[in-house]
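Notes for the one structure printed next.
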Amino acid sequence: MNVVKCWIGSRLPLLIVGCLASAQAPAQNPALPTIPANTFYITNYGAIGDGVFTNTTPIQNAINAANTAGGGTVRVTAGNFLCGPLTFVNNLNLQLDAGATLTLLPYGQYPTYPYPDPDVGSVTPFINASSLHDVEISGTGVIEGQGLPWWNAYQTNARPTMVNFSACTRVLIQDITCSNSPQPFLVVKGKAGNVTIQRVKIYAPSSGASPPSHNTDAIDLAETNAVIRDCTISTGDDNLAVGSSASASYDILVTNCVFGAGHGCSIGSYTSGGVSNLTVINCSFNGTDNGIRLKSQQGRGGIVQNCNYYNLTMTNVDWPFLIYSYYEYGLGTLTPLNLQAVDNIALTNTPTFDKTPVWRNISFSNIVATVPSGRPPLMIWGRPESPASNIVFRAVNLISSSTLVPGLYGVTNLIFENCTFNLPSSIYTLQLYDAQFSVTNSALVTNLIKLDGLTTNGAVNSLALYNARAAVTKTNAIASAPLALANSLLNVTNHFAPPHATPFNF
């Protein structure tokens, strides 16, 4: 194994300018809903929990009665209550008691009412709330989506979301278990603010299962002043996806969550509404396809900034760190060398080519990640006209058996502080293309950072080393850009002929 260590130092590289990623104040405790003391038992309105009777009308009647009374708690008692789409009202708590299961009508029986919001889907969600205040789903019962037939027919049939809260304020979802949604489980969007999701368990088969669950995001969030805490999530798509094409997402705290199968703690792919002041802290990932995944593309992008990830453990996570501005094309079909051809095609197909992804002021601190073979453990890939900027990795321990090289493509003002990279000795530590970064240590480190340029003299790569050792084997991989060394050693094992104007700082 090739081990590289770097410790926090007091000096910043001379070539690094601008603001660095910094900690932001996490979201405040959101205001909770106020629910009147009235209680409405669904069985008093004709509901039958035998798993056969369709309870859509009785349960909706209980909800309507609560609305007439000014609000209250609609209780789902023990039993299996088969049901179609339900419409929420203000000041309502839908409480699922222990032993209660609220089950979506099966595929073929669920009514396919059209729904106008493309972020949610084209079919009316199972539980739907729009522009409401003081809404809650609680209790230790289960919402079951019976998703398997929907997943098998996902290419030809629209599917309902399990829960959709759109432009609602003072939202609380707690203690319930959600399983097998036909598509996303909890969609909470609309910038109305004050959202709490806590102690919720969400389960669906992974994307690698047979059969997989398609598009089963656990939580899709585009909100302000939101907290997600103490949740357990294992699913077939994003464990959490923050961002939207319509509303801004900011002041969000994610803490003490356990992520199993899924595509990770994600931002995007739609980020044109903007994402800022996101904190993810004290969470664990086990067997997750991705850890932290920031994804977008031209036409979907917006400003993503001030995002901080602290105190995380990742075990057998295929791809712990990914920032990527070419989501539509996939990482198997695209290289930094064919970006212009890709953009030319996009310009031809989309004349109004705008909404560029912007990634800036992002920090990763105190993270341990173990990576199986398969994918590169780290990749940052901005755009030539919009490089990812002001990215800090601090006290990150990356342990990988993958033989694919981590890549820095289209990134500026990137700093590694107090990091340890344990990679197979046969591969480079980092591959560079249009990358400007530094490694800073408080004392001389003798382990070698092995650098490779994707091309020779084809892109401007700059490097700053403080108390570090590095080696470059690709001819002139960094020779046309600033180079800074302080108490460091750079081994160049091939021709090194920098242009006359290249600045050096020693």
Who are the salt bridge (Lys or Arg N to Asp or Glu O under 4.0 Å) partners of D318, not counting sequence neighbours?
-> none
d(N390 CG, N361 CG) to nearest 0.5 Å is 5.0 Å
Not counting sequence neighbours, list each pair that qualifies as a ring pair (Phe, Tyr, Trp, His ring centres under 6.0 Å) and has a residue in residues 227-256.
-> none
Return the minimal non-hydrogen interatomic distance between S181 and P160, and the atom names on each side.
-> OG-O, 4.3 Å
May I ask you to test the H214-W150 pair for a side-chain heavy-atom distance under 4.5 Å?
-> no
All heavy atoms of Y326 vs all of G382, minimum pair found to be CE1-O, 3.7 Å
Applied to residues 173-184, the salt bridge (Lys or Arg N to Asp or Glu O under 4.0 Å) test, sequence neighbours excluded, yields D175-R199
Just by modelled atom types, is the Q183 backbone N or O under 3.5 Å from a matching donor or acceptor in the N215 side chain?
-> no
Partners meeting salt bridge (Lys or Arg N to Asp or Glu O under 4.0 Å) with R159 (sequence neighbours left out) | none
Examine Y309 together with F321 and report whether their ring centres are nearer than 6.0 Å.
-> no
Going by heavy atoms in the side chains, are V396 and P320 under 4.5 Å from each other?
-> no
Begin from the C-alpha positions of N422 and N397 and carry the test side-chain hydrogen bond (donor to acceptor under 3.5 Å, both in side chains) through to its verdict.
-> CA-CA 8 Å; N422 293 272; N397 183 1; 3.3 Å; yes
For a side chain to side chain contact (heavy atoms under 4.5 Å, CB included) with F259, tell me which candidate from L312, T288, T232, N290 qualifies.
-> T288
Looking at S389, S386, S325, which one forms a side-chain hydrogen bond (donor to acceptor under 3.5 Å, both in side chains) with W359?
-> S325
Give a yes or no on whether the backbone of G302 and the side-chain of S272 come within a donor-acceptor separation of less than 3.5 Å.
-> no
Quick one: closest heavy-atom pair of G264 and N239, and the distance?
-> N-OD1, 2.7 Å
List the steps and the verdict of side chain to side chain contact (heavy atoms under 4.5 Å, CB included) for L423 and Y428.
-> CA-CA 8 Å; L423 309 178; Y428 292 96; over 6 Å; no
What are the two closest non-hydrogen atoms of E385 and Q298, and how far apart are they?
-> OE2-NE2, 3.4 Å
Is there a donor-acceptor pair under 3.5 Å between the side chain of T216 and the backbone N or O of T235?
-> no
Looking only at heavy atoms, which two atoms of Q146 and L104 are closest? And how far apart?
-> NE2-O, 2.7 Å
In this structure, SG of C265 is separated from CD1 of I267 (nearest 0.5 Å) by 7.5 Å
Between Q174 and S138, does a side chain to side chain contact (heavy atoms under 4.5 Å, CB included) hold up when you go through it step by step?
-> CA-CA 5 Å; Q174 63 179 356; S138 67; 4.0 Å; yes
How many angstroms lie between CD1 in I391 and CD1 in I362, if you round to the nearest 0.5 Å?
-> 4.0 Å
Are L463 and L490 side-chain neighbours, meaning at least one heavy-atom pair lies under 4.5 Å?
-> yes
Could you give me the CA-CA distance, side-chain angles and deciding distance for I197 and C231, then say whether side chain to side chain contact (heavy atoms under 4.5 Å, CB included) is met?
-> CA-CA 8 Å; I197 300 174; C231 295; 4.1 Å; yes
Can you tell me how far CG of D237 sits from CG of D289, rounded to the nearest 0.5 angstrom?
-> 9.5 Å
Closest heavy-atom pair, T271 versus S296, reported as atoms and distance to 0.1 Å, is OG1-OG, 3.3 Å
Heavy-atom side-chain proximity of I415 to R394 below 4.5 angstrom | no
Would you indicate whether the side-chain heavy atoms of N491 and L448 approach each other to under 4.5 Å?
-> yes
Close side-chain approach of L451 to F437, heavy-atom, < 4.5 Å | yes
Pair N225, D251: side-chain N/O donor-acceptor within cut-off below 3.5 Å | no
Report yes or no: does K450 contribute a side-chain atom to a donor-acceptor pair with the main-chain N or O of S425 at less than 3.5 Å?
-> yes
Side-chain contact test, heavy atoms from C-beta onward, threshold under 4.5 Å: evaluate it for S276 versus I303 and give yes or no.
-> no
Non-neighbouring partners of T101 that pass side-chain contact (heavy atoms from CB on, under 4.5 Å), sequence neighbours left out | N80, T103, V142, E144
Cut-off 3.5 Å, no hydrogens considered: what does the side-chain donor-acceptor table look like for residues 370-378, sequence neighbours left out?
residue : atom : partner : partner atom : Å
T370    : OG1  : M314    : O            : 3.4
T370    : OG1  : N316    : N            : 3.0

dist R229:CZ -> T196:OG1 (nearest 0.5 Å) comes out at 5.5 Å
Side-chain touch D452/V405, heavy atoms, less than 4.5 angstrom | no
Going through the checks in order, is the side chain to side chain contact (heavy atoms under 4.5 Å, CB included) test met by Y270 and S244?
-> CA-CA 5 Å; Y270 288 95; S244 169; 5.7 Å; no
Using atom types as modelled and distance alone, determine if a side-chain donor or acceptor of Y110 lies under 3.5 Å from a backbone N or O of F126.
-> yes
d(N467 CG, L485 CG) to nearest 0.5 Å is 11.0 Å
